[in-house]
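Right, one structure below, let's go through it.
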Amino acid sequence: MASQKEQEHVGYDFNRIEKKWQTYWAKNQTFKATNKSDKPKFYVLDMFPYPSGAGLHVGHPLGYIASDIVARYKRHQGFNVLHPQGYDSFGLPAEQYAIQTGQHPAKTTKENIARYREQLDRMGFSFDWSREVRTSDPSYYKWTQWIFLLLFDHYYCIEADKAMPISTLVNRFEKEGNYSVNAVSDPHVPSFSASEWNAYSNEKQQQILLGYRLTYLSDTEVNWCAALGTVLANDEIINGVSERGGHPVTKKKMKQWSMRIGAYAERLLSGLDRIEWPEPLKEMQRNWIGKSIGAKVFFQVEAHEAKIEVFTTRPDTIFGVTFMTLAPELELVQQLTTPDQQKAVEEYIEKTRQRTERERMADVKSCTGVFTGSYALHPFTAERIPIWIGDYVLADYGTGAVMAVPCGDQRDFDFAKHFNLPIKNIFKSVSIEEQAYSEKENAVIDNSDFLTGLSHKEAMKTVIAALEEKGCGKGTINYRLRDAIFSRQRYWGEPIPVYYVKGIPYPLSSEDLPLELPEVQKYLPTEEGAPPLGNATHWAWDTLTKTVVDNSLIDHQSVFPLELNTMPGWAGSSWYFYRYMDAQNSREFVSLEAKNYWQDVDLYLGGSEHATGHLLYSRFWQKFLFDLELLPVDEYAKKLINQGMILGTSAFVYRKSGTQNYISKDLLTAEDKVEPIRVDVNLVNSSDELDTAAIQNWQPQFQQATFEYSKGVFKVGREVEKMSKSKYNVVNPDEICDQYGADTLRMYEMFLGPIEQAKPWNTAGISGVSGFLNKFWRLFYDDQWRVTEAEPTKEALKITHETIKKITYDIEHFSFNTCVSSFMICVNELHRLQCYSRSILTPLTVLLSPFAPHLAEELWENLGHSHSLTQEPFPVANEAYMVEENKDYPISFNGKMRFTLSLSLDLDQEAIKKAVLEDPRTMEYLNGNTPKKWIIVPAKIINIVC
RNA sequence: GCGGGUGUGGUGAAAUUGGUAGACACGCUAGACUUAGGAUCUAGUGCUUCACGGCUUGGGGGUUCGAGUCCCUUCACCCGCACCA
């Protein structure tokens with residue numbers, strides 16, 4: 001049998017061993033975590049995968065391997081480890097597959113999950129599968145919907161700086177109106193007294209309350225992707241096109257659910273300082289939140305009731321204002337436009353509306369705008385300031401209006417130059433002939449009435465005080481973070497548990513959750529253009545009659561009384577790490593005992609691509625649930641590591657234009673006109689040589705192909721890019737497991753390089769790791785059992801303890817690649833020393849187990865143990881074994897005596913000091929012409945002190 | 001444009017606080033054993049030189065007895081944000 005022959009030279013039978021131990025672990029529930037333990041807890045979490053139809057490729061397990069090493073290591077260290085896994089199983093691909101094939105997304109999702117599970121199991125991960133979650137499972141999304149209802153039922157109180165029940169807000173409105181209420185709200189909420197509030201109709205009251213709720217329904221300018229038929233969140237758009245599919249995105253006004261994440265902007269920002277997340281990722285979140293400190297200024301419009309509110313970070317430059325610019329989308333624009341400018345303004349608005357996001361972004365340089373015909377009055381000088389509109393001003397940042405100070409802002413400067421508007425210099429001894437002067441530090445304000453002569457800092461203070469006193473401005477902090485759109489026009493997502501009466505949304509009772517997805521005939525929008533759930537009319541009425549107690553509250557006139565949109569992908573992933581703590585609980589989202597015991601995630605592993613999506617939204621929900629005292633901490637992950645992506649190495653063949661003739665890469669010349677064509681990387685060997693026979697069966701287009709070989713081989717071109725099915729560069733972990741075994745795959749992925757680095761997959765080096773595991777095996781077996789009871793030599797002890805020390809240190813620092821190297825050195829040494837001593841091999845087996853768990857278990861059993869080594873204490877290095885008798889150790893000597901030994905032995909520092917001072921070489925150094933700052937401690941000193 | 005990161009042999013990469021640069025592995029070269037194999041083992045392998053030696057961490061400069069590591073400057077590549085007032 002071929003496989004037997006293979007095993008013969010491979011050394012150990014990984015197929016048998018891996019299957020054996022995977023079965024053993026499953027049967028004995030070896031990795032099941034308990035929610036009660038005397039041991040300290042440790043929670044290691046992976047970002048759960050979306051189960052796509054393509055299955056796992058070798059890039060996916062990278063993070064899982066790293067986290068598994070940590071989980072197993074921590075178990076050895078005596079921790080009660082929670083290491084769960086689940087599936088983020090709502091999502092677009094399953095739905096698009098459903099549209100094409102009519103297969104229910106639940107069915108394909110289930111199949112994909114089964115496939116994922118099979119692949120994950122093969123790699124020997126120590127997941128506690130009894131805690132598995134699936135976001136698309138009603139028993140899970142029940143609680144996602146429940147959290148939605150909580151958000152609906154709360155508002156953000158600025159005084160308390162936390163979320164509070166909407167009922168307390170209603171109480172205040174009834175007693176005092178909203179004049180003194182300090183809450184985060186929609187800017188359009190009117191001011192009212194208690195008597196006005198009490199006189200409002202229920203609809204009006206509900207409308208107002210929506211302006212306060214942490215999730216709310218509003219007409220929002222959204223990113224509409226026509227090709228996908230849905231809206232997209234800002235983080236789902238990359239370079240102006242949809243992240244998924246790369247379709248164009250335009251602005252559109254729609255009634256949408258949003259999440260008032262802006263209320264948490266400051267806490268999301270300050271919380272970053274308390275968590276150990278990668279600095280670049282924190283920086284990304286800081287940028288996304290985009291805090292800027294400045295002021296709001298109100299400009300009275302001449303001969304008009306309206307005031308224009310602007311936000312500026314440079315109120316100190318207010319005397320440099322020569323015009324104002326409004327975003328074209330602003331409603332105010334209609335009111336301000338004078339009759340003779342009407343036509344121009346309308347045309348301009350229409351033009352900007354039609355531009356896609358991408359066009360607008362691509363075209364940053366051109367300067368466009370129109371004069372509205374109106375003027376504003378300067379708050380201090382009452383000068384007339386022309387009001388323009390221009391699409392360089394964004395409607396959804398700040399107030400959508402800017403006071404233009406061309407001398408201090410380059411964009412205002414360019415606009416002024418382009419439209420020949422005046423430019424006034426308010427900076428002392430600075431030329432603004434060529435460009436604006438945007439420097440803050442050295443600016444001295446000039447030509448500015450009471451601000452003249454002040455520095456930027458002083459002027460800021462003075463002008464804000466003056467504005468506030470005059471009642472035409474206010475110091476303000478502005479955030480770039482925008483409220484997150486929460487509605488998706490999709491089928492395969494959590495239904496939003498809301499019904500409508502006269503257009504006003506009311507929540508379903510939490511008793512009636514989950515609101516389950518209905519069966520539908522088709523997964524496309526209805527003919528009226530409503531989302532797919534619009535196809536399930538009977539479902540809507542059934543739900544209402546079953547759940548809404550008061551029949552009179554049901555709007556029988558409505559065409560469709562239930563919410564048709566579903567939740568976005570990030571809803572289910574924003575809290576799943578708490579569900580793992582108590583996954584089976586049907587009464588609570590997580591029990592008090594479970595959350596109090598596990599508290600939070602100690603180590604979270606995942607990709608940095610979630611920086612401004614999942615990782616920000618989940619922090620937001622965390623803080624909200626913390627405010628409600630439903631969670632014990634307000635940051636859920638103490639430490640986060642971004643594993644780098646494993647990239648594919650695509651292969652290309654070159655076809656001579658217009659022919660079926662392919663030419664080997666090394667024969668290509670610059671004159672050749674060729675088209676590069678991707679071919680399956682599995683048909684190419686590690687020397688970039690293509691199997692030209694196999695490729696003719698791969699795709700029909702190659703059946704007629706002729707190949708121009710070079711020295712008998714056909715070379716392909718290579719390019720590193722993202723691993724993806726469509727690029728034919730996917731390497732399947734199953735194949736690696738078949739050929740080398742899971743332990744080899746695990747160690748090789750770690751060996752590839754630092755965990756945080758992106759790196760191309762390359763199978764070439766795997767034989768080194770495979771060889772190492774066989775060498776390890778051969779310390780135990782070489783035709784026969786060779787473990788001895790002999791006392792190890794000093795040398796063997798030294799290398800062993802050095803290895804233990806190094807690997808412990810490296811695991812703690814997530815430097816798994818160097819761990820593998822240390823193992824290799826150790827095993828090579830032991831072979832050289834012919835050391836097969838049980839007292840050496842026993843600790844090494846435990847040491848290896850986080851990396852190559854199957855092999856370690858097998859060897860452990862062969863060493864005579866009847867139980868799994870999972871809970872075995874991790875070996876501890878004894879550094880006394882590491883001292884070499886005839887080696888000198890450097891000690892640094894920085895003026896003062898300061899000892900830095902490469903060993904952390906518990907040495908008598910005073911004794912060393914004395915010995916060093918007495919050593920003749922010390923005086924030699926100290927008296928030498930070139931004073932050295934470091935000296936060598938002779939080995940004998942260490943020996944003396946030891 | 002702004003913010004962040006990375007540059008070390010043919011390749012992936014090591015180098016705890018500044019202290020023998022290139023550990024470990026792939027690849028390559030030679031050899032041993034072989035029922036000739038993608039097994040195992042030994043030796044060699046940064047560049048340069050016959051050799052002694054010299055040079056070497058993208059380039060240039062600085063601090064230091066000593067710099068891959070710290071500082072300045074410059075170049076290249078990667079990632080994120082992008083008219084944010």
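Naming: A, B, ... by sequence-line order, numbering from 1 per chain.
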G59(B) and U64(B): how far apart are their P atoms, nearest whole angstrom? 23 Å
Report the distance from atom CD of Glu802(A) to atom P of A23(B), rounded to the nearest whole Å. 17 Å
Filtered N/O pairs between nucleotides 6-13 of chain B and protein, under 3.5 Å:
{"unit_1": "G12(B)", "atom_1": "O2'", "unit_2": "Leu752(A)", "atom_2": "O", "d": "2.6"}
{"unit_1": "A13(B)", "atom_1": "OP1", "unit_2": "Gln757(A)", "atom_2": "OE1", "d": "2.8"}
{"unit_1": "A13(B)", "atom_1": "O3'", "unit_2": "Asn817(A)", "atom_2": "ND2", "d": "3.4"}

Nucleotide opposite A51(B) in a Watson-Crick or G-U pair, distances under 3.5 Å: none
Using whole Å, report how far CD1 of Ile289(A) lies from P of G3(B). 18 Å
Which residue lies more 5' along RNA chain B, comparing Asp810(A) with Pro280(A) via nearest heavy atoms: Pro280(A)
Rounded to the nearest Å, what distance is computed from the CD atom of residue Glu756(A) to the C1' atom of nucleotide G4(B)? 14 Å
Gap in Å between the two P atoms, one belonging to G54(B) and one to G44(B), rounded: 23 Å
Between protein and nucleic acid, restricted to nucleotides 27-31 of chain B and to nitrogen or oxygen atoms under 3.5 Å apart, what atom pairs and distances do you find?
none

Side chains of Tyr437(A) and Thr317(A): do they bring a donor and an acceptor to under 3.5 Å? no
Mind checking Arg482(A) for me? I need base, sugar-phosphate or nothing, with any heavy atom below 4.0 Å counting as a touch. base
Out of A85(B), G38(B), C41(B), which nucleotide sits closest to the side chain of Thr313(A)? A85(B)
With both distances under 3.5 angstrom, what nucleotide forms a Watson-Crick or G-U wobble pair with C41(B)? G31(B)
So, using side chain to side chain contact (heavy atoms under 4.5 Å, CB included) as the criterion, who are the partners of Ile464(A) when residues are at least two apart? Ala295(A), Pro315(A), Glu468(A)
With sequence neighbours left out, what residues match Glu735(A) under salt bridge (Lys or Arg N to Asp or Glu O under 4.0 Å)? none
Any base atoms under 4.0 Å from Phe823(A), or only sugar-phosphate, or nothing? Heavy atoms, all strands. nothing
Does a side-chain N or O from Ser292(A) land closer than 4.0 Å to OP1 or OP2 of A85(B), or not? yes
Round to the nearest Å and state the distance from Lys282(A) atom NZ to G5(B) atom P. 13 Å
Can you spot which of Asp412(A), Ile308(A), Thr312(A) makes a side-chain contact (heavy atoms from CB on, under 4.5 Å) with Met403(A)? Thr312(A)
When rounded to the nearest Å, what value does the distance between P atoms of U63(B) and C72(B) take? 15 Å
For the pair made of CD in Gln410(A) and P in C2(B), what is the distance, rounded to whole Å? 12 Å
Using both distances under 3.5 Å as the test, list the Watson-Crick or G-U wobble partner of A25(B), or none. U11(B)
Distance between C1' atoms of G66(B) and U20(B) (Å, rounded): 12 Å
Within the 4.0 Å heavy-atom criterion, would you say Ile825(A) contacts the bases, only the backbone, or no part of the nucleic acid? sugar-phosphate
If you look at every strand shown and take non-hydrogen atoms under 4.0 Å, does Asp412(A) touch a base, only sugar-phosphate, or nothing? nothing
Ignoring the backbone of Lys775(A), work out which of C41(B), C24(B), A85(B) is nearest its side chain. C41(B)
Heavy atoms under 4.0 Å, any strand shown: does Val393(A) hit a base, just sugar-phosphate, or nothing? base
Residues in side chain to side chain contact (heavy atoms under 4.5 Å, CB included) with Glu276(A), at least two apart? Lys639(A)
May I ask which nucleotide in the shown strands pairs with G18(B), Watson-Crick or G-U wobble, both distances under 3.5 Å? none
Spacing of the P atoms in U69(B) and A30(B) (rounded, Å): 39 Å
For A14(B) and A51(B), measure between their P atoms and round to the nearest Å. 32 Å
Using the C1' atom as the reference point in each nucleotide, state the distance between G46(B) and A39(B) in Å, no decimals. 30 Å
From C83(B), A14(B), G80(B), pick the nucleotide closest to the side chain of Met284(A)? G80(B)
Quiz question: by atom type and distance under 3.5 Å, do the side chains of Thr818(A) and Asp810(A) form a donor-acceptor pair? yes
Just grab all the side-chain hydrogen bond (donor to acceptor under 3.5 Å, both in side chains) pairs involving residues 748-759 of chain A, residues at least two apart or on different chains. none
Round to a whole Å and report the spacing from CZ of Arg411(A) to P of C2(B). 13 Å
Glu329(A) CD to C84(B) C1', straight-line distance once rounded to whole Å: 14 Å
Taking OP1 and OP2 of A85(B), is either one under 4.0 Å from a side-chain nitrogen or oxygen of Tyr397(A)? yes
Among Phe413(A), Tyr397(A), Phe415(A), find the residue that satisfies the ring-ring contact (aromatic ring centres under 6.0 Å, His included) test when tested with Tyr392(A). Phe415(A)
Ranking Ser815(A) and Asn828(A) by the position along RNA chain B of their nearest nucleotide, the one closer to 5' is Ser815(A)
Nucleotide paired to G3(B) in any strand shown, Watson-Crick or G-U, under 3.5 Å: C79(B)
Give the rounded distance in Å between these two atoms: CZ of Arg286(A) and C1' of A82(B). 19 Å
For the residue pair Phe776(A) and Phe823(A), categorise the inter-ring angle as parallel (less than 30°), tilted (30 to 60°) or perpendicular (more than 60°). perpendicular
All side chain to side chain contact (heavy atoms under 4.5 Å, CB included) counterparts of Gln285(A), not counting sequence neighbours: Leu272(A), Trp277(A), Leu281(A), Leu615(A), Leu616(A), Arg619(A)
Test of understanding: with side-chain hydrogen bond (donor to acceptor under 3.5 Å, both in side chains), list the residues that count as partners of Asn287(A), not counting sequence neighbours. none
Suppose you measure atom C1' in G22(B) against the same atom in G68(B); what distance do you get, rounded to whole Å? 11 Å
Considering residues at least two apart in sequence or located in another chain, which fulfil the side chain to side chain contact (heavy atoms under 4.5 Å, CB included) criterion with Val393(A)? Thr325(A), Ala327(A), Val402(A)
Is G9(B) in the syn range, within 90° of 0, or in the anti range? syn
